[in-house]
Amino acid sequence: MSQQDFIAASCADDYDPNSMPVDKARHFIRTYLEPVKVQENLHLRATLGRILAQDILSPCNVPNHDNSAMDGYALNGDDLPAEGAVTLKVVGTAFAGKAFDGQVGRGESIRIMTGAVMPDRTDTVVIQEHVQLDGDRITFGLSTRRGQNRRLAGEDLKLGQVVLPAGHLVRPADLGLIASLGIGEVKVYRKLRVAFFSTGDELASIGQPLETGQVYDSNRYTLYGMLTRLGVEILDMGVVRDDPALLESALTEASQSADVVITSGGVSVGEADYMKELLNKLGQVVFWKIAMKPGRPLAYGKIGNAHYFGLPGNPVSVMVTFYQFVRDAMLMLMGQANPQPVPLLPATCTGEIRKAPGRTEFQRGVLTLDSDGAWTVHPTRNQGSGVLRSMSEANCFIVLSESCGNVAKGETVQVQIMDSFV
Ligand code: AMP
Ligand code: MG
């Protein structure tokens, strides 16, 4: 990235540098992301949460053979009754894992269990509930069509088919899917390494007594949680005082040992000039006032080869900016080709919200299903950007767009469910 790009992003004419729209900032960040390239072969289970570095191709048909979807009787569709009922002889049994390998002639059927291979020349299963059994004879009526209750070979996956593409994030269903192909080792991208520290003279660490004016450092804990869920390797560098020499050495060390450096605090007005000088000396960083609440100040750039995110200090702002900017960027750096945005879903707002147009707001809300089966959302009580309880109580963000003004009780708003961030 060139110095010019960064100067342009800080003060281009086509937008107010004092207020950077959320989407533009996101787009700018995207332009500079260079995903990790190093790959490693891992045992299937260890790939959970990692990004595939190879297409997974099906080495076989799944299922391998036509098989029964139900417990019942396998027969040839020619023996189904055209009208009334028909009686067939039962000449054998097919179990899952133990096929019937004899011949099935006209007027004959085979007792078959779910998952058992369809015997030769049978194509239909009449379920056991639809037959009357009398010794070795079954009688049934018009209950069944030809081909019914039979799973076809390759119905789930065909030989050679791309089952999962490179760039896909491995979820529990994918582990099972890959296992169903008999594949036990998978090529994924290496883990992203993320270093982070908190800045502020007022911060105390757990275990220290709290002096007047001090607060316990909570940002490193929320960051720990959010980063752990993303499945990255973490380097927690503790609290760094607001001292240029200490900050410089911490930033340098972090950028040399990690792919991504995240700091909290020190980028708001007043403090920014000071960090600005330091960061411009060490790398190329833009300082934005994002048109959003909470999370107005945000810094982004590169220090050496490391991507840098300077998050605001306020505990709620840290989480909101992480979810809105850092999460996506990290997934891309991890190798995910095109992370899908967290869905926005409509819900009825049960409270009034005061909001001025001109910035995107991420209010914290509690989404519940009311007795009529409709989703309603209630904003948490205190929406202050320092009130972490609002995040803890919430299960969703109420996302109010830049153009939106006050919201009346009963209006429809858009929400983002927090669990989907995982
Ligand atoms: P700053 O962005 O550094 O001006 O900080 C904004 C507010 O967030 C101040 O009230 C800080 O005390 C608070 N703050 C900053 N860092 C942390 C932290 N790591 N944990 C809890 N609160 C913090
Ligand atoms: Mg500070």
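In what follows, every heavy atom counts, from backbone to side chain, and hydrogens, waters and symmetry copies are set aside. In this chain, numbering begins with 1 at the start of the sequence shown.
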Task: With S58 via side chain to side chain donor-acceptor pair (under 3.5 Å) - residues at least two apart - done: none
Task: Identified side-chain contact (heavy atoms from CB on, under 4.5 Å) counterpart of Y73 within the set L133, I110, I127 - done: L133
Open item on the list: Would you say T380 and Q383 are linked by a side-chain donor-acceptor pair, where the criterion is simply a distance under 3.5 Å?
Closed with: yes
Task: Under 3.5 Å: donor-acceptor pair, side chain of T350, backbone of V377 - done: yes
Open item on the list: Which residues pass the side chain to side chain donor-acceptor pair (under 3.5 Å) test with T122, not counting sequence neighbours?
Closed with: none
Open item on the list: Measuring from atom OG1 of T144 to atom CG of L75, what distance do you get when rounded to the nearest 0.5 angstrom?
Closed with: 7.5 Å
- [ ] Indicate yes or no: at least one non-hydrogen side-chain atom of V261 is less than 4.5 angstrom from one of F196.
- [x] no
Open item on the list: In the structure I gave you, are the side-chain heavy atoms of L235 and V194 within less than 4.5 Å of one another anywhere?
Closed with: no
TODO: For K355 and S401, indicate whether the former's side chain and the latter's backbone hold a donor-acceptor pair under 3.5 Å.
DONE: yes
Task: S390 backbone acceptor or donor facing E393 side chain under 3.5 Å - done: no
Open item on the list: If the threshold is 4.0 Å, N to carboxylate O, is there a salt bridge linking R359 and E361?
Closed with: yes
Open item on the list: For a 4.5 angstrom cut-off between non-hydrogen side-chain atoms, does V407 reach L400?
Closed with: yes
Open item on the list: Side chains of R121 and N76: any donor to acceptor distance under 3.5 Å?
Closed with: no
Task: Donor-acceptor contact present, side-chain E253 to main-chain A250, <3.5 Å - done: no
- [ ] With rounding to the nearest 0.5 Å, note down the distance linking CG in L192 to CZ in R50.
- [x] 10.0 Å
Open item on the list: Quick check: do Y189 and M334 have side-chain heavy atoms less than 4.5 Å from each other?
Closed with: no
Task: Non-hydrogen atoms of C396 and M418 that approach each other most closely - done: O-CE, 3.6 Å
Task: Among N395, T376, I398, the one residue meeting side-chain contact (heavy atoms from CB on, under 4.5 Å) with L367 - done: N395
TODO: Please determine, by modelled atom types, if D71 and T114 share a side-chain donor-acceptor pair under 3.5 angstrom.
DONE: yes
Open item on the list: Strictly distance-based, threshold 3.5 Å: is any side-chain N or O of N61 a donor or acceptor partner for the main-chain N or O of A153?
Closed with: no
Open item on the list: To the closest 0.5 Å, what do you measure between CE (M391) and OG (S218)?
Closed with: 11.5 Å
Task: Donor-acceptor under 3.5 Å (S264 side chain, N219 main chain) - done: no
TODO: Verify whether one side chain among R111 and T93 offers a donor that lies under 3.5 Å from an acceptor in the other.
DONE: no
Task: Nearest-0.5 Å distance, CD1 of residue I29 to CG of residue D328 - done: 9.0 Å
Quiz: residues 337-348 side-chain donor-acceptor pairs under 3.5 angstrom, not counting sequence neighbours:
residue : atom : partner : partner atom : Å
Q340    : NE2  : N338    : O            : 3.3

TODO: Using atom types as modelled and distance alone, determine if a side-chain donor or acceptor of D372 lies under 3.5 Å from a backbone N or O of A374.
DONE: no
Open item on the list: Given E233, which partner from the list K191, R190, R193 fulfils the side chain to side chain donor-acceptor pair (under 3.5 Å) test?
Closed with: R193
Task: L247 and M275, any side-chain heavy atoms less than 4.5 Å apart - done: yes
Task: Within-4.5 Å side-chain heavy-atom neighbours: L311 and S317 - done: no
Open item on the list: If I compare all heavy atoms of V267 with all of P297, which pair ends up nearest, and what's the gap?
Closed with: O-CB, 3.5 Å
- [ ] Would you please name every residue forming a side-chain contact (heavy atoms from CB on, under 4.5 Å) with S68, sequence neighbours left out?
- [x] I112, M118, V125
Open item on the list: F309: which residues meet the ring pair (Phe, Tyr, Trp, His ring centres under 6.0 Å) condition with it, sequence neighbours left out?
Closed with: Y300
TODO: Go through the steps to decide whether Q284 and I303 satisfy the test side chain to side chain contact (heavy atoms under 4.5 Å, CB included), and finish with yes or no.
DONE: CA-CA 7 Å; Q284 290 164 323; I303 306 173; over 6 Å; no
Open item on the list: I'd like to know if R151 pairs up with D66 as an ion pair, taking the criterion as any Lys NZ or Arg NE/NH1/NH2 lying under 4.0 Å from an Asp or Glu carboxylate oxygen.
Closed with: no
Open item on the list: Is it the case that the side chain of Y216 and the backbone of Q208 share a donor-acceptor pair, with hydrogens and angles ignored and the cut-off at 3.5 Å?
Closed with: yes
Open item on the list: So that I can tick it off, tell me whether K302 and E34 are bridged by a salt bridge, with the cut-off set at under 4.0 angstrom between side-chain N and carboxylate O.
Closed with: yes
Task: Note, T124 side chain near N149 side chain (heavy atom, < 4.5 Å) - done: no
TODO: Before giving the answer on salt bridge (charged side-chain N to carboxylate O under 4.0 Å, His left out), spell out for R146 and D78 the whole-Å C-alpha distance, their side-chain angles and the decisive distance to 0.1 Å.
DONE: CA-CA 8 Å; R146 182 191 277 274; D78 289 343; 2.3 Å; yes
Just distance, no hydrogens or angles: give the donor-acceptor pairs under 3.5 Å from side chains in residues 158-178, sequence neighbours left out.
residue : atom : partner : partner atom : Å
K158    : NZ   : G154    : O            : 3.1
Q161    : OE1  : K158    : N            : 2.7
H168    : NE2  : D174    : OD2          : 2.8
D174    : OD2  : R171    : N            : 2.8

Open item on the list: Quick one: does any side-chain atom of D243 pair with a main-chain N or O of L246 as donor and acceptor, under 3.5 Å?
Closed with: yes
Task: Gap between atom CG of L223 and atom CE of M319 - 0.5 Å precision - done: 8.5 Å
- [ ] For the pair T47 (side chain) and H43 (backbone), establish whether a donor and an acceptor sit closer than 3.5 Å, ignoring hydrogens and angles.
- [x] no
Task: Over 12 non-hydrogen atoms of neighbours within 6.0 angstrom of CG in N305 - done: no
